[in-house]
Novice: 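Before I ask anything, here is the structure I am working with.
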Amino acid sequence: MSDIPGTFHLLAVDGNARAGLLHTAHGPIETPIFMPVGTAGSVKAIAPDDLEAIGAQIILGNTYHLYLRPGDDLVARRGGLHEFNAWRRPILTDSGGFQVFSLEGLRRITEDGVEFRSHLDGSKHFFSPEKVISIQRNLNSDIMMQLDQCIGFGASHDEARKAAELSARWARRCREAYPAGTAGNLLFGIVQGEAFPDLREMSARALMDIGFEGYAIGGLAVGEPKHIMLRCLRQLHPILPGNKPRYLMGVGTPLDILHGIEEGVDMFDCVLPTRNARNGTLYTSRGKINIKRKEFAEDDGPLDPECACYTCRTFSRAYLRHLYVSGEILSFRLNSLHNLTYFLNMVKGARKAILEGRYAEYKARYEAMYPEEDPLFDEPEA
RNA sequence: GGUGGGGUUCCCGAGUGGCCAAAGGGAACAGACUGUAAAUCUGUCGUCGCAAGACUACGGUGGUUCAAAUCCACCCCCCACCA
């Protein structure tokens, strides 16, 4: 099998769920995959050796944040992000497209790009599609994302169309700034179009005309009802090319991810395991728990009896509660270690299940753990 | 012994006649978090009640007043400085 960066081997299919292998300049990643988020070049509270120990294969970095601080040129002089942060496995960088959404009020969009005011010091910066490629090449990320305009749920069809069309034009400029095969970095396009099927299809086809090493689905999990995401994934499944990886950006909860896998998505990233860990919400084989709750004050049992991570092997719920309530730094590390292990293991188990042709059964076990998060719950008349 | 300052709801602390069950912070107890402006944010926080409302509360006792955490008298504590 070829291991040229960008090569995607589809190893098994179970329903629409896929198990594959994606080659990058820093080694292969097994899909489906969950990618921990390390916005500022660090998965918060977790060192690279821990990430490796819990089975992380690829992490995220963020163009906007690393450009502002310490500066992508500085990172380039250090030999790229992998040398700088000592994570030698694959890295995917987001383009700043999400900040177009999350920093609304601090940015202005034009045809040529986005003008940001830094959230750090208020200074003005301009991101064009070409600039974003240049930054990501300085970072030397294995998977670069096009600049896109991510919008929240509730936009009109007209607004959503404009954003999707602009994103498609930016996609072409990103591709032209970095033609396929220029170097070992891969470039992914991002499907936009909000909750509108016609726009989603238009967006996907525009990207396919341009041609990318992978296709991301953006603009989901931004406040829309759960069934909309599912509908969108089902719609896109037969449209997107079968031989390229698909990445559902920013998703999500355990069940969101398992539904995504079921609909043919290969890659996921989300801040949920790390942010929730820092805020005390922990994922267990019996569902979510908030470790700060009084009921755990004298609970000598492990966080999750079915988890083999360092946190669960070593500490009691009572101690973890104490660390959280006391604001101890160790709380962030132990909780993050556990939540990441949970997400990583869940997706690893999904891959195994697909390879063995029993994905539906595997997913059903998780659905039983999170009855309140059924994506069909808010679906209108089926 | 003298002079000055002070005792407020679990804690700190604002409040000098009604708009006070009483600012603000903390603690406590819950909840949220989806391509990280997040070690963040939100709610509750005297008792009873679904509520309207009732009751109990600002060191103690008594008083002034239609009305007192706020004014007066005495008493009990605490702090600073002086002797």
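Lettering of chains follows the sequences in order, A, B, ..., and the numbering in each one begins at 1.
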Novice: In whole Å, measure the gap between the P atoms of B/rC11 and B/rU64 for me.
Specialist: 33 Å
Novice: B/rA39 P sits how many Å from A/Leu330 CG, rounded?
Specialist: 17 Å
Novice: Could you give the CZ-to-P distance, from A/Phe332 to B/rU36, as a whole number of Å?
Specialist: 19 Å
Novice: Looking only at atom P, what distance separates B/rG43 and B/rA57, rounded to whole Å?
Specialist: 31 Å
Novice: Counting only side-chain nitrogens and oxygens, does A/Arg293 get under 4.0 Å of the OP1 or OP2 atom of B/rG31?
Specialist: yes
Novice: Does OP1 or OP2 of B/rA37 have a side-chain N or O of A/Gln99 closer than 4.0 Å?
Specialist: yes
Novice: In whole Å, measure the gap between the C1' atoms of B/rU34 and B/rA30 for me.
Specialist: 22 Å
Novice: Expressed as a whole number of Å, how far does the P atom of B/rG17 sit from that of B/rG13?
Specialist: 23 Å
Novice: Checking base pairs now: Watson-Crick or wobble, both atom distances under 3.5 Å. What partners B/rG1?
Specialist: B/rC82
Novice: Is A/Arg175 paired with A/Glu213 through a side-chain N to carboxylate O contact shorter than 4.0 Å?
Specialist: yes
Novice: What is the base-pairing partner of B/rC29, counting Watson-Crick and G-U wobble geometry with both distances under 3.5 Å?
Specialist: B/rG43
Novice: Looking at side-chain heavy atoms only, is the closest gap between A/Leu22 and A/Ile143 below 4.5 Å?
Specialist: yes
Novice: Of all the heavy-atom pairs spanning A/His65 and A/Thr39, show the shortest one and how long it is.
Specialist: CD2-CG2, 3.1 Å
Novice: Base, sugar-phosphate alone, or nothing: which one does A/Ser118 contact when heavy atoms must sit under 4.0 Å apart?
Specialist: nothing
Novice: So, using ring pair (Phe, Tyr, Trp, His ring centres under 6.0 Å) as the criterion, who are the partners of A/Tyr362 when residues are at least two apart?
Specialist: A/Tyr366
Novice: A/Arg89 and side chain to side chain donor-acceptor pair (under 3.5 Å): which single residue from A/Gln57, A/His26, A/Glu52 fits?
Specialist: A/Glu52
Novice: Who is the Watson-Crick or G-U wobble partner of B/rG53, with both distances under 3.5 Å?
Specialist: B/rC48
Novice: Would A/Tyr67 and A/Tyr64 count as a ring-ring contact (aromatic ring centres under 6.0 Å, His included) here? Give the steps.
Specialist: CA-CA 5 Å; A/Tyr67 155 84; A/Tyr64 168 82; 7.7 Å; no
Novice: Hey, does the side-chain of A/Asn290 have a donor or acceptor N/O within less than 3.5 Å of a partner on the base of B/rG31?
Specialist: no
Novice: Which whole number of Å gives the distance between the P atom of B/rC12 and that of B/rU3?
Specialist: 29 Å
Novice: State the pairing partner of B/rG35; accept Watson-Crick or G-U wobble contacts with both distances under 3.5 Å, and report none otherwise.
Specialist: none
Novice: Check whether any side-chain nitrogen or oxygen of A/Arg321 sits under 4.0 Å from OP1 or OP2 of B/rC29, and answer yes or no.
Specialist: yes
Novice: Any base atoms under 4.0 Å from A/Glu328, or only sugar-phosphate, or nothing? Heavy atoms, all strands.
Specialist: nothing
Novice: Report which part of the nucleic acid A/Leu248 touches: base, sugar-phosphate, or nothing (heavy-atom distance under 4.0 Å, all strands).
Specialist: nothing
Novice: Could you give the CZ-to-C1' distance, from A/Phe98 to B/rG35, as a whole number of Å?
Specialist: 6 Å
Novice: Whole Å only: how far is the CD1 atom of A/Ile59 from the P atom of B/rG35?
Specialist: 15 Å
Novice: Pick the C1' atom in B/rC71 and in B/rA54, then give their distance to the nearest Å.
Specialist: 29 Å
Novice: To check you understand the geometry: which heavy-atom pair defines the closest contact between A/Arg278 and A/Phe332, and what is its length?
Specialist: O-CE2, 3.6 Å
Novice: Round to a whole Å and report the spacing from CG of A/Leu282 to C1' of B/rC33.
Specialist: 13 Å
Novice: Give a yes/no on whether any side-chain N or O of A/Thr281 is located under 4.0 angstrom from OP1 or OP2 of B/rC33.
Specialist: no
Novice: To the nearest angstrom, how far is A/Arg333 atom CZ from B/rA39 atom C1'?
Specialist: 16 Å
Novice: Between A/Gly218 and A/Val325, who's closer to the 5' end of RNA chain B by nearest nucleotide?
Specialist: A/Val325
Novice: Assuming nearest nucleotide by heavy-atom distance, tell me which of A/Lys294 and A/Cys150 is located more 5' along RNA chain B.
Specialist: A/Lys294
Novice: Can you name the closest pair of heavy atoms from A/Ile190 and A/Gln146 and give their distance?
Specialist: N-OE1, 2.8 Å
Novice: Within the structure shown, what part of the strands sits under 4.0 Å from A/Gly219 by heavy-atom distance: base, sugar-phosphate, or nothing?
Specialist: base
Novice: To the nearest Å, give me how far apart CZ (A/Phe116) and P (B/rA37) are.
Specialist: 10 Å
Novice: Applying salt bridge (charged side-chain N to carboxylate O under 4.0 Å, His left out), run through A/Arg333 and A/Asp50 and close with a yes or a no.
Specialist: CA-CA 10 Å; A/Arg333 179 167 120 78; A/Asp50 283 325; 2.5 Å; yes
Novice: Which value, rounded to the nearest 0.5 Å, describes the distance between A/Ile54 atom CD1 and A/Leu344 atom CG?
Specialist: 5.5 Å
Novice: What integer number of Å spans the P atoms of B/rG62 and B/rG7?
Specialist: 22 Å
Novice: Show each protein N/O and nucleotides 40-44 of chain B N/O combination with a separation under 3.5 Å, one pair to a line.
Specialist:
residue, atom, partner, partner atom, Å
B/rU40, N3, A/Asn279, OD1, 3.4
B/rU40, O4, A/Asn279, OD1, 3.1

Novice: For the side chain of A/Asn276, counting heavy atoms from C-beta on, which of B/rU36, B/rC33, B/rG35 is nearest?
Specialist: B/rC33
Novice: When both hydrogen-bonding distances must be under 3.5 Å and the geometry is Watson-Crick or G-U wobble, what is B/rG24 paired with, if anything?
Specialist: B/rC12
Novice: Could you tell me whether A/Asp148 contacts a base, only the sugar-phosphate backbone, or nothing, with contacts defined as non-hydrogen atoms closer than 4.0 Å?
Specialist: base
Novice: Rounded to whole Å, please give me the gap between CG in A/Leu103 and C1' in B/rU36.
Specialist: 10 Å
Novice: Using atom P of each nucleotide, how far apart are B/rA14 and B/rA39 to the nearest Å?
Specialist: 32 Å
Novice: Under 4.0 Å between any heavy atoms, over every strand shown, what does A/Thr274 touch: base, sugar-phosphate, or nothing? Just pick one.
Specialist: base
Novice: Under 4.0 Å between any heavy atoms, over every strand shown, what does A/Leu60 touch: base, sugar-phosphate, or nothing? Just pick one.
Specialist: sugar-phosphate
